[in-house]
Protein chains: 2
Amino acid sequence: MARTVLDRADAVRALAGVFRKRGFDGASLSVVQQETGIGRGSLYHFFPDGKEDMARAVLEEVRAWFDEQVFAPLRTPEDPAAAVGATMRAVEEYFLSRHCVCLYAVMTLGQDRPAHAEAVRSYFADWVELLARTVEQAGVAGDEARARAVDAVAAVQGALVLARALDDDTVVTGVVDRSRRRLLDGLG
Amino acid sequence: MARTVLDRADAVRALAGVFRKRGFDGASLSVVQQETGIGRGSLYHFFPDGKEDMARAVLEEVRAWFDEQVFAPLRTPEDPAAAVGATMRAVEEYFLSRHCVCLYAVMTLGQDRPAHAEAVRSYFADWVELLARTVEQAGVAGDEARARAVDAVAAVQGALVLARALDDDTVVTGVVDRSRRRLLDGLG
DNA sequence: GTCTATAAAGCGATAGAC
DNA sequence: GTCTATCGCTTTATAGAC
């Protein structure tokens, strides 16, 4: 009988998909097993501390992706304005290809899950901070730059909520595009 | 022994509080009983179809509140610009006094809950539509008015996500205030 | 209208064979 | 590294007394 052996990274990716579709509570181990083909044995081999361990791993993977793809252009930008454009485009592409679900928001929004509170906080705080700094470098005054960054991150998250509620991905495209333009408004 | 007899409306309000704090899945009947003092017997008396019935009732109450307090200024505004200001201020006050949680978003965002999909869709669609129409009446061209309305509703929802993640209610104040100004930008 | 006891199902987690 | 069987617990929902 054929048997599939896999990587922890494969398991994390598969888990992320189930969490995105079902939410943390909706992704019972039976559901995970059915939808990914990964059995309880493998799950507890890769994630000895169980479901919380799986959640942590999935959040860490998202965080790593953002560090590399979304935050990287903001860390030492040669052209700050171009970096702002690049980061917003990366974000848009990311969420459009992941059913408009932000796992950090999903883990936070409804539930009382203090275990991940600090990871969630730093994900959003770092995002706002890096974006604000780059907008400032592009020529916007400090307070105004920070307000624009907060507005942009909120716009992205709100667009995800709205896109899912209305079942219309173009909401994300529209909101993110306009948000990107506002970030750099008045900068010739 | 003292016994408390209550109204279905009281039960709905109490349930809304628990759902806001815990999420739908986190609000088990035992938790509901502990935090509200309402026993299983009363719960199933008021909500014969069980938990889904409770969720429906809570969403209906939120919807009714929005119809009366938030959407009302938009239905037949004498002064469209003033109505836009009023609706945004009502929204801000509403969510600030409810721990920055939108139950419609919570029911949608993470979970696969097709039972309420239509209620969620129409809540957001009506909100956007009414706001867009009023902004247009205030003097903004149709397409632009709709884009501004989408941006504003997304901004509110995103502000809630961010405020909870950062544990900072001032995010809501800031984002909503700037959003209100943008809705009426360029209208003397 | 409220209470308590209980049924039936599903949950996360573990153990041990392979 | 994977599988299956099973434990103990919690879940929603129901029944029947008051």
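Convention: sequence-line order gives letters A, B, ...; per-chain numbering from 1.
Separating the CG atom in B:Asp168 from the CZ atom in A:Phe124 is a distance of 13.5 Å, to the nearest 0.5 Å. Here the CG atom belonging to A:Leu15 is positioned 10.5 Å from the CG atom belonging to A:Asp53, to the nearest 0.5 angstrom.
Remark: A:Arg121 is not positioned above the aromatic ring of A:Trp127, lacking an NZ or CZ atom under 6.0 angstrom from the ring centre and at most 45 degrees off the axis.
The nearest heavy atom of DNA chain C to A:Pro48 and to A:Gly26 marks one nucleotide each, and the one closer to the 5' end goes with A:Gly26. Toward the 5′ end of DNA chain C lies the nearest nucleotide of B:Asp7, the other residue of the pair B:Asp7 and B:Arg40 mapping further downstream.
Distance NZ (A:Lys51) to C1' (C:dC11): 9 Å, rounded to an integer number of Å. For the pair A:Phe47 CZ and C:dT14 P, the interatomic distance rounds to 15 Å; values are reported in whole Å. In this entry the distance linking OH of A:Tyr44 with P of D:dT4 reads 17 Å, nearest Å. For the pair B:Leu29 CG and D:dT14 C1', the computed distance is 12 Å after rounding to whole Å. Summarising the geometry, the separation between CG on A:Leu43 and P on C:dC11 is reported as 14 Å, rounded to the nearest angstrom. Look at CD on B:Gln33: it is 11 Å from P on D:dT12, rounded to the nearest Å. Between the C1' atom of D:dT4 and the CD1 atom of A:Ile38 lies a distance of 17 Å, rounded to the nearest Å. In this structure, CG of A:Asp49 is placed 9 Å from P of C:dT14, rounded to the nearest angstrom.
Under the 3.5 Å distance criterion, the side-chain polar atoms of B:Thr87 are left unmatched by any main-chain donor or acceptor of B:Val84.
Between A:His45 and D:dT2 there is no side-chain N or O to OP1 or OP2 distance below 4.0 Å. Taking 4.0 angstrom as the limit, A:Ser28 places a side-chain polar atom (N or O) nearer than this to OP1 or OP2 of C:dC11. The side chain of A:Ser30 contributes an N or O atom lying less than 4.0 Å from OP1 or OP2 of C:dC11.
A salt bridge does not link A:Arg148 to A:Asp151: none of the charged side-chain nitrogens sits closer than 4.0 Å to a carboxylate oxygen.
Using a 4.0 Å heavy-atom cutoff across all strands shown, B:Phe46 reaches sugar-phosphate atoms only and no base atom. Nucleic acid contact class of A:Leu6 (heavy atoms, under 4.0 Å, all strands): sugar-phosphate only.
For A:Ser42, whose side chain is taken as the heavy atoms from C-beta onward, the closest listed nucleotide among C:dG12, D:dT14, D:dT2 is D:dT2.
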